[in-house]
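Input: a single structure, listed below in structure tokens.
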Amino acid sequence: QWDEPRVCSRRYLKVDFADIGWNEWIISPKSFDAYYCAGACEFPMPKIVRPSNHATIQSIVRAVGIIPGIPEPCCVPDKMNSLGVLFLDENRNVVLKVYPNMSVDTCACR
Amino acid sequence: SHRAPAWSALPAAADGLQGDRDLQRHPGDAAATLGPSAQDMVAVHMHRLYEKYSRQGARPGGGNTVRSFRARLEVVDQKAVYFFNLTSMQDSEMILTATFHFYSEPPRWPRALEVLCKPRAKNASGRPLPLGPPTRQHLLFRSLSQNTATQGLLRGAMALAPPPRGLWQAKDISPIVKAARRDGELLLSAQLDSEERDPGVPRPSPYAPYILVYANDLAISEPNSVAVTLQRYDPFPAGDPEPRAAPNNSADPRVRRAAQATGPLQDNELPGLDERPPRAHAQHFHKHQLWPSPFRALKPRPGRKDRRKKGQEVFMAASQVLDFDEKTMQKARRK
């Protein structure tokens, strides 16, 4: 993903349940688009990274450099989507659960 | 039937099931299109619900969970009794609705033949009398706790008119399931009693009944809820040193996680850990703290003897820590 922007943004990640060993009891979906957030949140932060006020101040403090050890704000999921999962429980009964916050919709500097 | 009030009487369940009317009316067709495993109607039904609720923002019956329970057939006094084990429901799951799905067979052929062959009597007006009412069936629900050998407490009874042809039906049994759960009696039995004199020896039907429970899992927004229900192994195996209380001691993973939080008295750490400089804080984390253990206890439990031994070890380790503290305190006092 070298061509992707260095600034904080959403990156593509497809999770296959077989890769994490959950495919024996998860019936559907077999995989889903989870995405992830990565990239820099350095000063000055553009609007596109939707910085919180705290993140803006933290990036300024870090840029000024008076207080040592202050990291740059984190690039984290901002809005997330739920995912319905059909799986077998311990008694091998079929269960449907809709899990919140399973895939990233947008990322932000926080 | 699904066209009859039974469906319209289901408030939340209807939300999930009315869309499945075609499937319910023609289970054979659905089974044919979905392959041999589709004889298992509960799997077919759950797949349909999954497809429906996979759409963004859709909530099954206003909650977030649908559990299905298969029936186990037992013949008691020449009567078919279907048992359902509802113990896999989590404490955090608030039941919204529960529905009982069963396949109603049409009146048995010999009886129908008998009725058809009889000359129909006429009343005073000369019009033929209607045929006798079809054999009614009674659906009886009982509940029992896991360790009782009794027949179980009668939780509900409903009369059913047999349909003219084979048909899947659903009945709202929310009050029955809620009451059984409240009383901790999560083994439910359903018995279809017929008024027929000789119902015959029951045999396993390809269309076994099932129960669907729509629930709202209040713990689903908790951190790691996905691991609590979907992770089936402990990434930190038994050989891994565990500096804190063993995470697999409690039966309920959610309780276990809550109980894992240790105070400064147990871990000899200063209170106010969170306010330490970030670097020191990060170094202090143990992997068990980074990933609290909501994992199911799949490892075999140690025998009583081993447990006692382990308990002694823990006690000795704790004593050593206490001795050390005492010495330090004495030194400090002398100084």
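Letters A, B, ... are given to chains in the order of the sequence lines, protein chains preceding strands, and every chain is numbered from 1.
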* Asked: So do A/C37 and A/C107 have their SG atoms closer than 2.5 Å?
  -> yes
* Which bit of A/D89 is near chain B, if near means a heavy-atom gap under 4.5 Å: side chain, backbone, both or neither? -> both
* **Mutual orientation of the aromatic rings belonging to A/F87 and A/Y99 [parallel < 30°, tilted 30-60°, perpendicular > 60°]** => tilted
* Give a yes/no on whether the SG-to-SG distance for A/C109 versus A/C74 is below 2.5 Å. => no
* Structure fact -> Of the listed A/L96, A/V95, A/V98, the one with the largest count of heavy-atom pairs under 4.5 Å with chain B is A/L96
* Residue A/I27 versus chain B: region with a heavy atom under 4.5 Å -> side chain
* Between B/Y103 and B/W168, does the ring centre distance come in under 6.0 Å? -> yes
